[in-house]
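Written out below as structure tokens is the structure these notes cover.
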Amino acid sequence: MKIGLCLAGGGASGGAHVGVLRALDEAGIAIDMIAGTSSGAMVAGLFAAGITTDQMLEMLPTLTRREIDIDRSLLTRWLTRDRRGGLIRGEKLHTFLRTAVQDIALTDVRIPVAIVATDLQTGKEVIFCSHDCPAPVVPAVLTDGTPLWDVVQDVTLALAIRASISIPFIFQPVILGTRMLADGGLVDNCPVEPTRAMGADFVIAADTITPFLQRKTPLPLRVRALLQQVVNIGLARHAALAAREADVFLALPVGPIGALDFPRLSQVAERGYEYTKARIPAIMAAMRAHEMKKCGPRTCE
């Protein structure tokens, strides 16, 4: 049975995925392929490149706001109409990623990985995938249908991650040929289907957004709070649909956290670890049930 892990996006809350990997590793649950969107893509990419969870935990405190390179020439460019579509350049973060994964090619990773981005020009889902990842065809009237996503392989792993984390209006999009690439959360924030397309028989999906909606206080009528809630509702809907397709769905209780709240990365990683560790018996039971259903009780004994 090939096990796939799917890591949803959620800004800094995605640090919880490191804890998920640590708990699964301690339980002896080997991941055969991994997929991720946005911050989930970052953790998925590091893992696929062979970075251990211990190394990731050491790396988290080094990811600080020093990696946030605000484009201070925006005012000038706005006046001259030379605009870049985002407040943060993303060059420092790209350099951080290149250093972490040694600038390897996407196809040179240790295990199959799929990283989701969005083509802003067409609205199409783009999957940066190290291995085969056939897209299902969406039927359409008077046509033969179109693939649900486009697959891109000829890039570096770091560039694929950088494209996936390009939150609109915050990070400047990545230009790749004729594509203008932004955060994959716009189209598929919890990519269960691409994980199965790589060949996973059993998919564990981890999401950090759903708990954001479980507010203990009334939603304040402020523009920023309302805008964030609108985004979270959309992402939580992605997670709900993914939960139906995954074999195990983990709603990691990280609580409200800012997208760029890097100082809390280690804290949310610990929360992800404790939550997943407590659910290892249930995950193991689901794996056994899946195997029994697949091959029959006599064959599996």
Flag if over 12 foreign heavy atoms under 6.0 Å of [atom1], [X]:
X    : atom1 : value
K124 : NZ    : yes
R110 : CZ    : yes
E26  : CD    : yes
D103 : CG    : yes

Does [X] share a hydrophobic cluster with [Y], counting links as ILVMFWY side-chain heavy atoms below 4.5 Å and allowing steps through other members?
X    : Y    : answer
V192 : I283 : no
Y273 : I204 : no
F171 : V126 : yes
M42  : V18  : yes
M33  : I104 : no

Nearest 0.5 Å, what's the [atom1]-[atom2] distance between [X] and [Y]?
X    : Y    : atom1 : atom2 : result
R179 : T118 : CZ    : OG1   : 11.5 Å
M198 : I127 : CE    : CD1   : 8.5 Å
L21  : I29  : CG    : CD1   : 11.0 Å
L97  : L157 : CG    : CG    : 8.0 Å
I34  : L7   : CD1   : CG    : 4.5 Å
L265 : L57  : CG    : CG    : 10.5 Å

I'd like to check [X] versus [Y] (side-chain heavy atoms, cut-off strictly below 4.5 Å). Are they in contact?
X    : Y    : answer
L186 : L120 : yes
D25  : F47  : no
V174 : H94  : no
V268 : T208 : no
L63  : L93  : yes
F202 : E291 : no
L159 : F128 : no
T37  : D183 : yes

Aromatic Y275 / basic R271 pairing, under 6.0 angstrom, 45° off normal: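 Judged by the rule, R271 and Y275 form no cation-pi pair.
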Where do [X] and [Y] come nearest, in terms of heavy atoms and distance?
X    : Y    : result
E58  : T62  : O-CG2, 3.8 Å
S164 : S38  : OG-N, 2.7 Å
M59  : I51  : CE-CG2, 4.1 Å
L24  : I31  : CD1-CD1, 4.0 Å
E125 : P194 : OE2-CG, 4.1 Å
M180 : I175 : CG-CD1, 3.8 Å

Got a salt bridge between R98 and E91, using NZ or NE/NH1/NH2 to carboxylate O under 4.0 Å?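 The answer is no: the pair does not qualify as a salt bridge.
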Assess whether side chain to side chain contact (heavy atoms under 4.5 Å, CB included) is satisfied between Q121 and T178, documenting all intermediate values. CA-CA 9 Å; Q121 296 275 98; T178 60; over 6 Å; no
Side chain to side chain contact (heavy atoms under 4.5 Å, CB included) evaluation trace for D132 with V151: CA-CA 9 Å; D132 289 338; V151 176; over 6 Å; no
Got a sec, which pairs hit side-chain hydrogen bond (donor to acceptor under 3.5 Å, both in side chains) with one end in residues 239-253, sequence neighbours left out?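 As it turns out, the side-chain hydrogen bond (donor to acceptor under 3.5 Å, both in side chains) pairs with a partner in residues 239-253, which skip direct neighbours, are R196-D247.
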Decide salt bridge (Lys or Arg N to Asp or Glu O under 4.0 Å) for K277 and E270; before the verdict, give the C-alpha distance in whole Å, the side-chain angles of both, and the deciding distance to 0.1 Å. CA-CA 10 Å; K277 183 179 179 180; E270 185 62 25; over 6 Å; no
L252 vs H17, side chain to side chain contact (heavy atoms under 4.5 Å, CB included): CA-CA, chis, key distance, verdict: CA-CA 9 Å; L252 308 176; H17 296 318; 3.9 Å; yes
